[in-house]
Amino acid sequence: MSVPYKYIGTPLEELISLGYYDPEARRIKAIRGRDLHVRSLDWQLEGPLRMLFHVLDEEVAKDPKNLIVYGGTGKAARSWDDFEAIVSSLMTMESDDTLVIQSGQPIAIFKLDKRAPRVVMSNAMLVPKWADWRTFRELEARGLISFHQMTAGCWAYIGTQGILQGTYETIGYAAERHFGSLEGRLMVSAGLGEMGGAQPLAVKMLGGVALIADVDRRMIERRINTAYLDAWTDDVDKAISMALAAKEKRQATSIGVLANAVDLLERLVREGVTPDLLTDQTPAHDPLAYVPQGLSLEEANKLKASDPDKYVSLASSSMAKHVQLMLELQRRGAVTFDYGNNLRKQAFDAGVEDAFKIPGQMEFLRPMFEEGRGPFRWISLTGEPNDIYRLDDVLLSLFERNARLARWIRNAHKYVKFQGLPARVVYLGYGERALFGKTVSQMVRRGELNGPMWFGRDHLDSGSVASPYRETEAMLDGSDAIGDWPILNYALNTASGATWTCFHHGGGTGIGYSIHAGFGMVVDGSELAEEKAMRVFTVDPGSGVVRHAHAGYPKSLRVARERGIRIPIMDRLEEKSRRVIEEAHREGRASDYTYDRVKKDLEEYDKRVRK
């Protein structure tokens with residue numbers, strides 16, 4: 001394409017001429033192929049450049065023209081000027097330079113060492129006393145800060161697949177505990193955006209029926225086009241009838257309905273229809289992103305712009321009603337849980353005192369986190385789908401005894417449609433990530449893959465986040481709000497030499513409610529990249545095992561002992577575990593199910609230690 005005059009002679013000229021960036025239309029396409037575009041000819045700089053373009057590709061991002069990747073307003077860069085400055089920096093840096101980014105704005109380039117990260121960033125951080133949405137928006141309006149969610153600002157988003165396995169595992173564990181399986185069962189939820197859009201396909205993969213509401217027709221159509229949703233209607237009664245008919249036939253399918261979540265739940269209550277599973281993935285973490293009952297999307301956008309305080313008030317009232325309806329369906333027998341969007345806290349603040357009778361998703365995912373298992377992900381940086389499929393086979397060979405992993409890989413291979421650069425996410429734990437990463441590095445070196453691979457993970461992981469209403473809810477020792485752990489995770493990954501490292505505030509549950517860390521690691525086949533990757537892929541899940549061991553989880557203590565993680569105060573943690581298990585149950589932090597589970601884990605730990 002033709003290059004506007006102002007870009008001639010700049011680093012961006014090449015990318016514009018090749019059609020990867022249209023500065024006038026504000027359109028970005030993922031960079032593919034083996035040709036490098038950075039002057040250093042170094043994949044450790046080409047990798048972050050490609051991942052930045054990938055997350056803003058129209059196939060991937062929710063609102064790329066405004067640099068929003070997902071999650072309401074989660075951005076990849078603060079402004080288009082900042083985007084261009086970041087790109088120009090990456091294209092002209094040397095292999096021992098490090099770019100520093102503050103809330104999506106590049107602020108400096110320092111010459112460090114090839115073993116250091118190429119990019120370090122901190123996004124949306126506020127001093128705790130000022131960590132609220134009002135202060136944040138005042139600073140944002142002055143151009144001083146911006147919101148980056150989790151993997152949006154870390155350039156680690158892989159499309160809806162990124163949350164798909166977490167949704168799949170959460171729903172799968174819930175169904176197994178309460179029903180044996182999801183086959184012939186109905187799950188109701190709301191939200192078909194870049195996060196919630198994973199719900200219908202996850203339910204279908206598990207053999208169930210999904211009925212999901214959303215007020216945005218574009219999001220529904222996007223899910224249809226990416227094969228995450230089977231059918232949709234704008235008639236609530238018809239949607240319910242379709243779902244019940246599919247349930248009766250035990251037909252695995254997904255149905256979207258163009259409606260407000262509250263309207264759908266009201267109809268279910270009135271008609272006496274109780275779903276088997278009930279949750280929600282509307283953007284309740286940000287009241288300005290949640291659409292109140294009674295407003296169309298267009299009306300909501302107008303009110304948001306003209307009177308944000310009134311909008312927040314309406315959203316608050318609607319969220320209270322939303323949770324009250326969920327509680328009613330819970331009383332009628334629906335297995336109900338919060339998926340981590342802070343809906344319960346919003347409703348509690350609006351006067352729903354029993355909002356937290358709805359448990360959080362960690363009730364189901366915590367056992368995986370205790371052994372450092374979480375949403376590890378990778379991308380073919382050259383854009384070669386066959387590399388992903390080849391690695392699917394490698395996974396099935398390396399971890400053939402893991403039936404749950406094998407089931408996921410086969411389902412993902414069958415159902416998942418790539419968005420942007422081809423990617424895969426698989427829940428891998430301590431030891432498994434390093435083993436797989438080394439295998440991939442050697443395959444790249446031998447030319448068995450088309451080119452380098454990027455590795456990262458969701459921030460919703462075992463040791464990378466402090467979020468008392470999601471990932472760290474109901475920790476055995478009550479350490480839910482302690483923020484040291486994600487900071488230590490960030491420090492360890494930075495010290496280990498990840499290609500880039502990120503520290504964020506507010507992802508998932510909103511400003512004031514979470515801090516979390518992420519990373520990107522480019523495995524290019526070189527010995528140095530492999531050396532760094534092995535450190536990152538060890539300390540990253542290892543920090544999750546340690547975090548849970550220090551919270552008193554026996555399974556984490558066992559993993560640490562058996563796999564050689566050195567914990568200086570192990571004897572004290574063993575004693576602590578016995579104490580906090582009882583305290584957590586007595587004080588209501590551990591459900592009966594969790595209490596029984598960790599007690600069995602403690603018995604197993606004692607048997608193994610005595611041997």
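Treat the numbers as computed from the prediction; the structure is a model and nothing was measured.
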Is the number of heavy atoms from other residues, nucleotides or ligands within 6.0 Å of [atom1] ([X]) greater than 12?
| X | atom1 | result |
| --- | --- | --- |
| Phe110 | CZ | no |
| Arg446 | CZ | yes |
| Lys111 | NZ | yes |

Can we call the ring centroids of [X] and [Y] under 6.0 Å apart?
| X | Y | answer |
| --- | --- | --- |
| Phe436 | Trp378 | yes |
| Phe83 | Tyr21 | yes |
| Tyr513 | Phe136 | no |
| Phe537 | Phe455 | yes |
| His550 | Trp485 | yes |

Open item on the list: Pair Ile109, Val100 - check side chain to side chain contact (heavy atoms under 4.5 Å, CB included), show working.
Closed with: CA-CA 6 Å; Ile109 298 173; Val100 184; over 6 Å; no
Can you check whether [X] reaches [Y] side chain to side chain, under 4.5 Å on heavy atoms?
| X | Y | answer |
| --- | --- | --- |
| Phe376 | Glu432 | no |
| Pro486 | Ser464 | no |
| Trp408 | Tyr168 | yes |

Closer than 4.0 angstrom, basic N to acidic O: yes or no for [X] and [Y]?
| X | Y | value |
| --- | --- | --- |
| Lys600 | Asp606 | no |
| Asp22 | Arg26 | no |
| Lys555 | Glu604 | no |
| Arg118 | Asp97 | no |
| Arg558 | Glu371 | no |
| Arg404 | Glu169 | yes |
| Glu94 | Arg39 | no |
| Arg366 | Glu370 | no |

- [ ] State whether Tyr415 and Arg410 meet the cation-pi test: NZ (Lys) or CZ (Arg) under 6.0 Å from the six-membered ring centroid, and within 45° of the perpendicular axis.
- [x] no
For the pair [X] (side chain) and [Y] (backbone), establish whether a donor and an acceptor sit closer than 3.5 Å, ignoring hydrogens and angles.
| X | Y | result |
| --- | --- | --- |
| Tyr157 | Leu56 | no |
| Arg78 | Gln102 | yes |
| Ser441 | Gly437 | no |
| Tyr339 | Gly360 | no |
| Gln44 | Val522 | yes |
| Asn493 | Phe519 | no |
| Ser397 | Asp393 | no |
| Ser577 | Glu574 | no |
| Arg445 | Gly525 | yes |
| Asn123 | His148 | no |

Open item on the list: By the definition side-chain hydrogen bond (donor to acceptor under 3.5 Å, both in side chains), identify the one residue from Ser479, Ser556, Ser462 that meets it with Arg547.
Closed with: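 With Arg547 as partner, Ser479, Ser556, Ser462 yield a single side-chain hydrogen bond (donor to acceptor under 3.5 Å, both in side chains), made by Ser479.
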- [ ] Classify the angle between the aromatic ring planes of Trp500 and Trp454 as parallel (below 30°), tilted (30 to 60°) or perpendicular (above 60°).
- [x] parallel
- [ ] Check His285, His516, Gln361 against Arg470 for a side-chain contact (heavy atoms from CB on, under 4.5 Å) and give me the one that passes.
- [x] Gln361
TODO: With Pro554 as reference, evaluate Leu573, Val559, Asp601 under the side-chain contact (heavy atoms from CB on, under 4.5 Å) test and give the passing residue.
DONE: Asp601
TODO: Give the minimum heavy-atom separation between Asp480 and Thr472, together with the two atoms involved.
DONE: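 In this case the closest contact between Asp480 and Thr472 is O-OG1, 2.8 Å.
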Open item on the list: Run the salt bridge (Lys or Arg N to Asp or Glu O under 4.0 Å) test on Lys29 and Glu59 for me, step by step, so that the C-alpha distance in whole Å, both residues' side-chain angles and the decisive distance to 0.1 Å come before the verdict.
Closed with: CA-CA 9 Å; Lys29 293 183 179 179; Glu59 289 185 5; over 6 Å; no
